[in-house]
**Student:** 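I'd like to ask you about the structure that follows.
Values below: all heavy atoms of this structure, side chains included; hydrogens, waters and symmetry mates excluded. Naming: A, B, ... by sequence-line order, numbering from 1 per chain.
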2 protein chains.
Amino acid sequence: MSARVLERLGEIGALVDPVMEKYLLRGASPEFQDAVLYQVRMGGKRVRPALTIASTLAVGGKEENALPAAAAVELAHNYSLILDDIIDHSELRRGKPTVWKKYGISTAILIAVHYRESITEALNDTPEPPVFHAIMAETIKLLTDGERLDILFEQSGRSDEPYVVEQRYRAVRLDDYLRMIERKTAKLIETSCVFGALSAGQRGEILEALREYGYNLGMAFQVGDDIIDIFGEEEKTGKRVGGDIKEHKLGNVVVLLALEETRDKERLLAILRKEDVSWEEVKEAISIISETNAREKAEVLRRDYVSRALKALEKLPRSEYRDMLEELAVFIEKREF
Amino acid sequence: MSARVLERLGEIGALVDPVMEKYLLRGASPEFQDAVLYQVRMGGKRVRPALTIASTLAVGGKEENALPAAAAVELAHNYSLILDDIIDHSELRRGKPTVWKKYGISTAILIAVHYRESITEALNDTPEPPVFHAIMAETIKLLTDGERLDILFEQSGRSDEPYVVEQRYRAVRLDDYLRMIERKTAKLIETSCVFGALSAGQRGEILEALREYGYNLGMAFQVGDDIIDIFGEEEKTGKRVGGDIKEHKLGNVVVLLALEETRDKERLLAILRKEDVSWEEVKEAISIISETNAREKAEVLRRDYVSRALKALEKLPRSEYRDMLEELAVFIEKREF
């Protein structure tokens, strides 16, 4: 399976770069502009706007009518990254300092607020602003709830955060996990596709087909992320394996499934609950996980979501853009980075 | 001058409480609801929504048509308070723990994000969503810029914030200050009045009159806040005087005007620039300021803005609601808390 589809989608997605910058620069004082543009100029695969544009083209829409909505979903993604990096104390993203690390936390918060307003400005240029605004508000509320759950699934840390300490989950079931990733990841990817349909003036079956495609693609994407976090090859991903274990996350499906069957459950949980998890312990945890069928089960889960995504696509007319959406799903089923 | 107008406005403003809660509860998981409602349930004078409602009633509109916009401006105000308290490390507001202090910083950020989406939901229920959305986006971007400037006017602190350290103002002129409060304070108050006009279907002269009223009222309000911060009576305000000095703020008009004429400029600046300002030093700074004409000059500034606000009101037809707006301006000219 090649990553060529990613390249083609990346080219389509890159169309939103000047559009995002136009909205971001609106109302930004000269001495604030570099700070505002930093996050979107760090790069990124632009998968979400590419989905909006490919979706609209697949159902008879025009690229230019979808650009504001496509810019909005990518801005929403970057908005959440700026805030997640603050929340998770992450200092690096794509090998560069995160926004808060580079500018300071107060400035990063102000930048994030500015991003959110740029989303509103972009959505006001869509064919039906109130419809797009309502969907975006619902999407970001769900994203927030997904992030909240992801934090509450952590097994240690944040001792200075009373809400997290009180509400933390001691156990996470598969359906808790699915609810979390549905919100944290799948919803915005679903919305990216829905925006493509709406920008083409589509409702009804076509809209629902793209929604279903986006939802299942998003779920498969996150399950894949979890698999890669534990079993990825560092030369391919550029990241150390086991980051989720180091961050005490029970919100990783591989960890979750391993806990269900391993005889070393207590030890695995003990590692996740250590205040400071060493890389040695991460390695031990991965070795415990490797002795279970967690990886295979997660692969089955990912494959199921991809099948559903592909099935939803069958309701669209054949076109090169439908092929592209299809290839993306197939790529996500196998991706290793 | 009595504060009775505040009471009457408070009653009108309180009409938005159930409306705000309706939007805030939308999409809030059960175990997140208390946290989401905490900020708006801490109280507040509800001046901004009262302005929206009184403005709409003063120009022939109906209360119920203005409620979504009124809820939106009060949500925007509370959104900015949640974030400002994080940015300023403030632990108390109205005698209660601030949101981040009570729930932790990550949760506070998620709550703030949830507030912003509730604003979108409220604005989608106004008579002309795209117009209201555009104004709110512009307003919040300006608010952000005002907060940025306020931080950059601080003379010490935030050594861990690279952007602030690099961009900090060494001197602040009166026009820098006016630009800052125009954005930080006046714009949202202006928007509150503009939303009242728009909710009544008003454009043209009536809209512009309410815009001018709101802008000048907001400017007078912030100048008053600055005067009270330095010269307030603690029994009336419930706060220690000189908080702005303790926080190194050159963005207080009284401090700014005092610096222009005092012979103790170096000492006053030295106090503002100390890493830790003691209450003893705050007292010393206030005594330096008291020897200048800064207070009188600030009073003149405040009076001028109030005059302009009152003049703008003359363009509206006489009504009990115009009277109320007038009384509020007169109250703000003299307020001591």
**Student:** Sort Thr107(A) into side chain, backbone, both or neither according to what part of it lies under 4.5 angstrom from a heavy atom of chain B.
**Tutor:**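 Both parts, backbone and side chain.
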**Student:** Using distance alone, with no hydrogens and no angle criterion, decide if Arg26(A) and Ser118(A) have a side-chain donor and acceptor under 3.5 Å apart.
**Tutor:**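 Distance-only check fails for Arg26(A) and Ser118(A).
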**Student:** I'd like to verify something: which residue of Met136(B), His133(B), Lys102(B), Glu138(B) has the highest number of heavy-atom pairs under 4.5 Å with chain A?
**Tutor:**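 With the most close heavy-atom pairs to chain A, the winner is His133(B).
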**Student:** Would you say the side chains of Ser156(A) and Glu275(A) form a donor-acceptor pair under 3.5 Å?
**Tutor:**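 There is no such pair (donor and acceptor under 3.5 Å, judged by atom type) between the side chains of Ser156(A) and Glu275(A).
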**Student:** For chain A, find which of Glu147(B), Lys101(B), Arg148(B), His114(B) contributes the most heavy-atom pairs closer than 4.5 angstrom.
**Tutor:**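 Counting heavy-atom pairs under 4.5 Å, the top option is Arg148(B).
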**Student:** On the ring face of Phe153(A), is Lys249(A) found with NZ or CZ under 6.0 Å from the centre and within 45° of the axis?
**Tutor:**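 Judged by the rule, Lys249(A) and Phe153(A) form no cation-pi pair.
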**Student:** Would you mind checking which part of Ile105(B) comes under 4.5 Å of any heavy atom in chain A, side chain (CB onward), backbone (N, CA, C, O), both or neither?
**Tutor:**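 When you check distances to chain A, only backbone atoms of Ile105(B) fall under 4.5 Å.
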**Student:** Contact part of Leu142(A) toward chain B, heavy-atom cut-off under 4.5 Å: side chain, backbone, both or neither?
**Tutor:**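 Neither the backbone nor the side chain of Leu142(A) comes within 4.5 Å of chain B.
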**Student:** In terms of heavy-atom proximity below 4.5 Å to chain B, should Gln167(A) be classed as side chain, backbone, both, or neither?
**Tutor:**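 The side chain, not the backbone.
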**Student:** Looking only at heavy atoms, what is the nearest atom pair of Ser192(A) and Thr52(A), with distance?
**Tutor:**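 Between these two residues, the closest heavy atoms are O-OG1, 2.8 Å.
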**Student:** In terms of ring plane angle, is the pair Phe132(B) and Phe195(B) parallel, tilted or perpendicular, where the classes change at 30° and 60°?
**Tutor:**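 Judged by the thresholds at 30° and 60°, the geometry between Phe132(B) and Phe195(B) is tilted.
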**Student:** Name the option with the most non-hydrogen atom pairs under 4.5 Å to chain B; the candidates are Pro130(A), Gly27(A), Ala134(A).
**Tutor:**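 Most heavy-atom pairs under 4.5 Å with chain B: Pro130(A).
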**Student:** Under 3.5 Å, is there a donor on one side chain and an acceptor on the other for Tyr23(B) and Asp125(B)?
**Tutor:**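 Yes, side-chain donor-acceptor contact under 3.5 Å.
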**Student:** Considering only heavy atoms and a distance below 4.5 Å, find which of Leu152(A), Thr144(A), Leu123(A) pairs most often with chain B.
**Tutor:**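 Ranked by heavy-atom pairs under 4.5 Å with chain B, first place is Thr144(A).
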**Student:** Is Leu143(B) close to chain A through its backbone or its side chain, or both, or neither, when contacts mean heavy atoms under 4.5 Å?
**Tutor:**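 When you check distances to chain A, no heavy atom of Leu143(B) falls under 4.5 Å.
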**Student:** Quiz question: by atom type and distance under 3.5 Å, do the side chains of Thr191(A) and Thr139(A) form a donor-acceptor pair?
**Tutor:**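 Yes.
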**Student:** Quick one: which of Arg158(A), Glu117(A), Glu121(A) has the most heavy-atom pairs under 4.5 Å with chain B, could you say?
**Tutor:**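 Option with the greatest count: Glu117(A).
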**Student:** What option among Gly104(B), Ser106(B), Ala35(B), Ala112(B) has the most heavy-atom pairs under 4.5 Å with chain A?
**Tutor:**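 Going by pairs under 4.5 Å, I would pick Ser106(B).
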**Student:** With respect to chain B, which residue among Leu110(A), Ile119(A), Ile86(A) yields the maximal number of heavy-atom pairs within a distance under 4.5 Å?
**Tutor:**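 Greatest number of close heavy-atom pairs with chain B: Leu110(A).
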**Student:** Distance alone, cut at 3.5 Å: any donor-acceptor contact between the side chains of Glu182(B) and Tyr215(B)?
**Tutor:**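 Note: Glu182(B) and Tyr215(B) side chains meet the donor-acceptor criterion.
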**Student:** Side-chain donor-acceptor pair under 3.5 Å between Asp145(B) and Ser29(A), yes or no?
**Tutor:**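 Yes, Ser29(A) and Asp145(B) have a side-chain donor paired with an acceptor closer than 3.5 Å.
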**Student:** May I ask you to name which of Ile109(B), Asn124(B), Thr120(B) has the most heavy-atom pairs under 4.5 Å with chain A?
**Tutor:**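 Top count of heavy-atom pairs under 4.5 Å with chain A: Asn124(B).
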